[in-house]
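Notes to accompany the following structure.
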Protein chains: 2
Amino acid sequence: MTRNAEKELRAKDIRPSYQRKRILEYLWETKSHPTADDIYQKLHPEIPTLSRTTVYNTLRLFEKHNIIQSVVIESNEMRFDGDVSTHGHFKCLDCQKVLDIPVKDKFKFDLKDSIVMETHIYFRGICPACRKERI
Amino acid sequence: MTRNAEKELRAKDIRPSYQRKRILEYLWETKSHPTADDIYQKLHPEIPTLSRTTVYNTLRLFEKHNIIQSVVIESNEMRFDGDVSTHGHFKCLDCQKVLDIPVKDKFKFDLKDSIVMETHIYFRGICPACRKERI
DNA sequence: CCTTTTTTTGTATTCATTACAATTTTGTAT
DNA sequence: ATACAAAATTGTAATGAATACAAAAAAAGG
Ligand SMILES: [Mn+2]
Ligand SMILES: [Mn+2]
Ligand SMILES: [Zn+2]
Ligand SMILES: [Zn+2]
């Protein structure tokens, strides 16, 4: 099942420009949780006129429409995720990668008097690959 | 039970200067999860010579020694917490306050191949007080 | 005292993000 | 196709939290 960026953008009343389509497609195909600049660096060769501002604008637009979500772990880098389902993240302090962590939704918090709009769970530590390398 | 900042700093081999003591005491007595600048604004009248740099330096030093923890919810504001126990946070999108949320540690994630050093859980939404005001 | 080490301070710098205005592209009607 | 209006993109300037740096002040140990 391969998703259609153009259709999904139209469904949200967002004009499917080439830049927007490629940014969305890239977020769908990567699991690296890239920063805005990562996305710019990746797409710039393919779209030579691409501007960083467009990347930032597009990401903000997509997030507002719940097409993507931002992942904030370090205060100096906002990462983006094409998977908007509630799931956790693991940031490796060694290789700096951010990995997905499945979250069992059994886990319920007692926030009865609040309105919860977003749930964020993340861990920091050493990922399996880096742990092995340490022997 | 009122904690002694001077003693606890000495125990970690950190010289208990007046600035350091007051920053730590303030983080213990407030539950607001202040930013570095909040702390500066609060203590500046009492310590007229206080520098923002000292606040930043001190917070970084304290975090490295696990005396405090930083709470990152928005990518443009690092907040600080004198409570280093694992607990969740709730950021109200209305009044902008960050509240503590008790986290039952029954909740276990299957991260068997990783080394987990930090666990962070936070929510975004509308806090009980703001919800009431909305009638 | 004097000397060395540590801490604090003010200023300069960095860098991710946002603001803004000009240019380009797209959509629609003539 | 052409003309015009609306929307998207772009480059540059501005913002602001955090850090780097070096000088000044304070503390420690004789
Ligand atoms: Mn993810
Ligand atoms: Mn807290
Ligand atoms: Zn790793
Ligand atoms: Zn509120």
Side-chain angles (χ1 to χ4, degrees), chain A residues 5-6 9-10 12-26 33-65 67-81 91 96 98, chain B residues 5-6 9-10 12-26 33-65 67-81 91 96 98:
Chain A
E6 184 155 343
L9 287 174
R10 280 233 172 77
K12 298 251 184 183
D13 268 315
I14 295 170
R15 298 242 168 92
S17 71
Y18 187 64
Q19 291 88 334
R20 286 171 178 174
K21 280 190 285 182
R22 291 299 297 120
I23 289 170
L24 182 53
E25 283 164 2
Y26 179 57
H33 308 90
T35 63
D37 201 63
D38 291 338
I39 296 168
Y40 172 78
Q41 296 298 341
K42 172 72 183 183
L43 298 181
H44 180 58
E46 174 191 339
I47 314 170
T49 63
L50 183 64
S51 154
R52 250 173 265 262
T53 302
T54 299
V55 178
Y56 278 108
N57 288 343
T58 302
L59 292 170
R60 237 181 326 151
L61 179 72
F62 286 177
E63 189 179 18
K64 202 175 60 187
H65 285 80
I67 294 167
I68 65 171
Q69 67 170 318
S70 57
V71 177
V72 177
I73 295 178
E74 315 285 349
S75 71
N76 62 334
E77 67 174 22
M78 192 185 281
R79 290 164 171 266
F80 294 90
D81 194 338
K91 166 132 187 182
Q96 310 295 316
V98 173
Chain B
E6 185 154 342
L9 287 176
R10 281 231 171 80
K12 299 252 183 183
D13 269 315
I14 295 170
R15 296 242 168 92
S17 71
Y18 187 64
Q19 290 90 332
R20 288 171 176 172
K21 280 190 285 180
R22 290 301 296 123
I23 289 171
L24 182 53
E25 282 164 1
Y26 179 57
H33 306 90
T35 64
D37 201 63
D38 290 338
I39 296 168
Y40 172 77
Q41 295 299 341
K42 173 71 183 184
L43 297 182
H44 179 60
E46 174 192 338
I47 313 172
T49 64
L50 184 64
S51 154
R52 250 173 266 260
T53 302
T54 298
V55 177
Y56 279 109
N57 288 343
T58 302
L59 292 170
R60 238 183 323 154
L61 179 72
F62 285 177
E63 189 179 18
K64 203 175 62 189
H65 284 81
I67 294 167
I68 65 172
Q69 67 171 317
S70 57
V71 177
V72 177
I73 295 178
E74 315 285 349
S75 71
N76 63 335
E77 63 172 27
M78 192 184 281
R79 291 165 170 265
F80 295 89
D81 194 338
K91 167 130 185 183
Q96 309 296 317
V98 173

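In what follows, chains carry the letters A, B, and so on, assigned in the order in which the sequence lines appear, proteins first and then strands, with residues in each chain numbered from 1.
- Within residues 39-49 of chain A, the residues approached by DNA chain D to less than 4.0 Å at the level of any non-hydrogen atom are Thr49(A), in residue-number order.
- Contact of the Arg79(B) side chain with the Lys91(B) side chain is registered, since non-hydrogen atoms from C-beta on lie closer than 4.5 Å.
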* Structure fact -> Scoring nucleotides 22-30 of chain D by protein non-hydrogen atoms under 4.0 Å (B base, S sugar-phosphate only, - none) yields ---------
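- In terms of the side chain to side chain contact (heavy atoms under 4.5 Å, CB included) criterion, residue partners of Arg60(B) (sequence neighbours excluded) are, by chain and number, Asn57(B).
- The interatomic distance linking Arg22(B) (CZ) with dT8(C) (P) rounds to 14 Å, in whole Å.
- Leu9(B) has its side chain within reach of Phe62(B): a pair of non-hydrogen atoms, C-beta onward, lies under 4.5 Å apart.
- Here the CZ atom belonging to Phe80(B) is positioned 12.0 Å from the NE2 atom belonging to His33(B), to the nearest 0.5 angstrom.
- Using a 4.5 Å cut-off on side-chain heavy atoms (C-beta onward), Ile14(A) and Ile67(A) make contact.
- For the OP1/OP2 pair of dT9(D) and a distance below 4.0 Å, the side-chain nitrogens and oxygens of Ser51(A) include no atom meeting the criterion.
- Atom OG1 of Thr35(B) is separated from atom CG of Asn76(B) by 10.5 Å, given to the nearest 0.5 angstrom.
- One N or O on the side chain of Lys12(B) and one on the backbone of His65(B) form a donor-acceptor pair closer than 3.5 Å.
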* **Canonical and wobble pairing (Watson-Crick, G-U, under 3.5 Å) of DNA chain C, dot-bracket with |** => ||||||||||||||||||||||||||||||
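- For the atom pair CD1 of Ile23(A) and CG of Leu61(A), the computed distance is 10.0 Å after rounding to the nearest 0.5 Å.
- Residue Tyr18(A) contributes atom OH, which lies 13 Å from atom P of dT26(C) at whole-angstrom precision.
- Residues meeting the side chain to side chain contact (heavy atoms under 4.5 Å, CB included) test with Glu63(A), sequence neighbours left out: Ile68(A), Ser70(A).
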What N/O pairs connect the protein and nucleotides 12-21 of chain C at under 3.5 Å? Give each pair on its own line.
residue : atom : partner  : partner atom : Å
dT17(C) : OP1  : Met78(A) : N            : 3.1
dT17(C) : OP2  : Tyr56(A) : OH           : 2.8

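- The residue from Leu59(B), Thr58(B), Thr53(B) that alone fulfils the side-chain contact (heavy atoms from CB on, under 4.5 Å) condition with Val55(B) is Leu59(B).
- Under the 3.5 Å distance criterion, the side-chain polar atoms of Arg20(B) are matched with a main-chain donor or acceptor of Arg15(B).
- In this structure, Gln19(B) reaches the dT9(C) phosphate: one of its side-chain N or O atoms is under 4.0 Å from OP1 or OP2.
- In this structure, the CD atom of Glu74(A) is 19 Å from the P atom of dA17(D), given to the nearest Å.
- Met78(A) has its side chain out of reach of Glu74(B): every pair of non-hydrogen atoms, C-beta onward, lies at least 4.5 Å apart.
- Atom NZ of Lys42(B) is surrounded by 12 or fewer heavy atoms from other residues, nucleotides or ligands within 6.0 Å.
- Base engagement by Thr54(B) is indicated by at least one non-hydrogen atom pair under 4.0 Å involving a base atom.
- Between the CG atom of Leu50(A) and the C1' atom of dT10(D) there is a distance of 10 Å, given to the nearest Å.
- Note: CD1 (Ile23(A)) to C1' (dA8(D)) measures 12 Å, nearest angstrom.
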